[in-house]
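See below for the structure under consideration.
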Amino acid sequence: MIPDQRREHILKLLQERHVLSINELTSMLSVSHMTVRRDIQALENDGKVLSVTGGVRLAARLKSEPSYLAKAQLEVPAKRAIARAAADLVRENFTIYLDAGTTTLQMVPLLTDKVGLTVITSDFNVVGHLMEYPGIELIHTGGVVSHSDHSSVGRFTADFLRQVNVDLAFIASSSWDAERGSTTPSEAKVVAKQALLRIASKSVLTVDSTKYGKFGTFRVASLEEFDLIITDDRLPRTAVEELAERDIRLKTVAAE
């Protein structure tokens, strides 16, 4: 088989098996390890697969997001570590934006002693937690309520954000990869996130590694548009290398 045929065959095999090891592919295709690795790299560059330790899996389309309460139970140690690294970036008298999400919510207890802090958010849980700290100026964006996300979304939220100045925006994502960037299955979330990228002096993507290689229908931004990405250290080595090749600033942290 020529390379294109072989790569199509790899995709068909992955549709049946979901995950395959390098050894399995060399046996199935009767080719060398080096050939299989080149094919995987080509498919990964096209955003069709994701390398895992010793093998490969299909890139996964995200059709919907779990509820806020369900997400709150997932990857908690990684989210805490990401939140700690993110909170360390916040200085006195900053105006920050906390996007709706369970990782950004983990930042809240780490911000309460910051002097002169203003927090803008679309997340009702963030508002509820910070309501007891009168030393923090707290602003909710308003907008159409997303019940499943406990937040406001849509055009009204974006219109408000265009009227403020933000030093540092911490943006959440349900799916991300080098090829497709930050994506979401929810069209209503896109406009506010894109407004943030335009108005914030600096933007930080706070997202755990389990969401890497997944993609939603709607594109928020390329990864190059973020000033920094903070994730956990379980991100596949191939992904770390690809992001480095694209000059994307990445900080990985060990789960707490």
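Hydrogens, waters and symmetry mates are skipped; everything else that's a heavy atom, side chains included, is used.
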Does [X] use its side chain to pair, donor to acceptor, with the backbone of [Y] at less than 3.5 Å?
{"X": "Gln106", "Y": "Thr102", "value": "no"}
{"X": "Thr104", "Y": "Gly101", "value": "yes"}
{"X": "Lys114", "Y": "Asn93", "value": "no"}
{"X": "Asp167", "Y": "Thr95", "value": "yes"}
{"X": "Arg162", "Y": "Ala195", "value": "no"}
{"X": "Thr157", "Y": "Gly142", "value": "yes"}
{"X": "Thr121", "Y": "Leu98", "value": "yes"}

Within this structure, what is the [atom1]-[atom2] distance for the pair [X] and [Y], rounded to the nearest 0.5 Å?
{"X": "Arg37", "Y": "Thr26", "atom1": "CZ", "atom2": "OG1", "value": "9.5 Å"}
{"X": "Ile82", "Y": "Ile230", "atom1": "CD1", "atom2": "CD1", "value": "8.0 Å"}
{"X": "Leu228", "Y": "Leu205", "atom1": "CG", "atom2": "CG", "value": "9.0 Å"}
{"X": "Leu130", "Y": "Asp123", "atom1": "CG", "atom2": "CG", "value": "10.0 Å"}
{"X": "Tyr97", "Y": "Ser122", "atom1": "OH", "atom2": "OG", "value": "3.0 Å"}

Between Glu242 and Arg237, is the closest basic N to carboxylate O distance under 4.0 Å?
->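 Looking at Arg237 and Glu242, the cut-off is not met.
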Among all residues two or more places apart in sequence or in another chain, which pass the salt bridge (Lys or Arg N to Asp or Glu O under 4.0 Å) test with Glu225?
-> none
Side-chain contact test, heavy atoms from C-beta onward, threshold under 4.5 Å: evaluate it for Thr184 versus Val220 and give yes or no.
-> yes
So do the side chains of Thr118 and Phe94 get within less than 4.5 Å of each other, counting heavy atoms only?
-> no
Plane angle bin for His140 and Phe124 - parallel if under 30°, tilted between 30 and 60°, otherwise perpendicular | parallel
Listed once per pair and sorted, the salt bridge (Lys or Arg N to Asp or Glu O under 4.0 Å) pairs that draw on residues 76-99, sequence neighbours left out |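 For residues 76-99: Arg84-Glu256, Asp99-Lys193.
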Do you see a donor-acceptor pair shorter than 3.5 Å between the side chains of Ser182 and Ser173?
-> yes
I'd like a table of donor-acceptor pairs (distance under 3.5 Å, sequence neighbours excluded) in which one partner is a side-chain atom from residues 4-13, with atom names and distances.
| unit_1 | atom_1 | unit_2 | atom_2 | d |
| --- | --- | --- | --- | --- |
| Gln5 | OE1 | Ile2 | N | 3.1 |
| Arg6 | NE | Asp39 | OD2 | 2.4 |
| Arg6 | NH1 | Met1 | O | 3.4 |
| Arg6 | NH2 | Asp39 | OD1 | 3.2 |
| Arg6 | NH2 | Asp39 | OD2 | 3.4 |
| Arg7 | NE | Asp39 | OD1 | 2.8 |
| Arg7 | NH2 | Asp39 | OD1 | 3.2 |

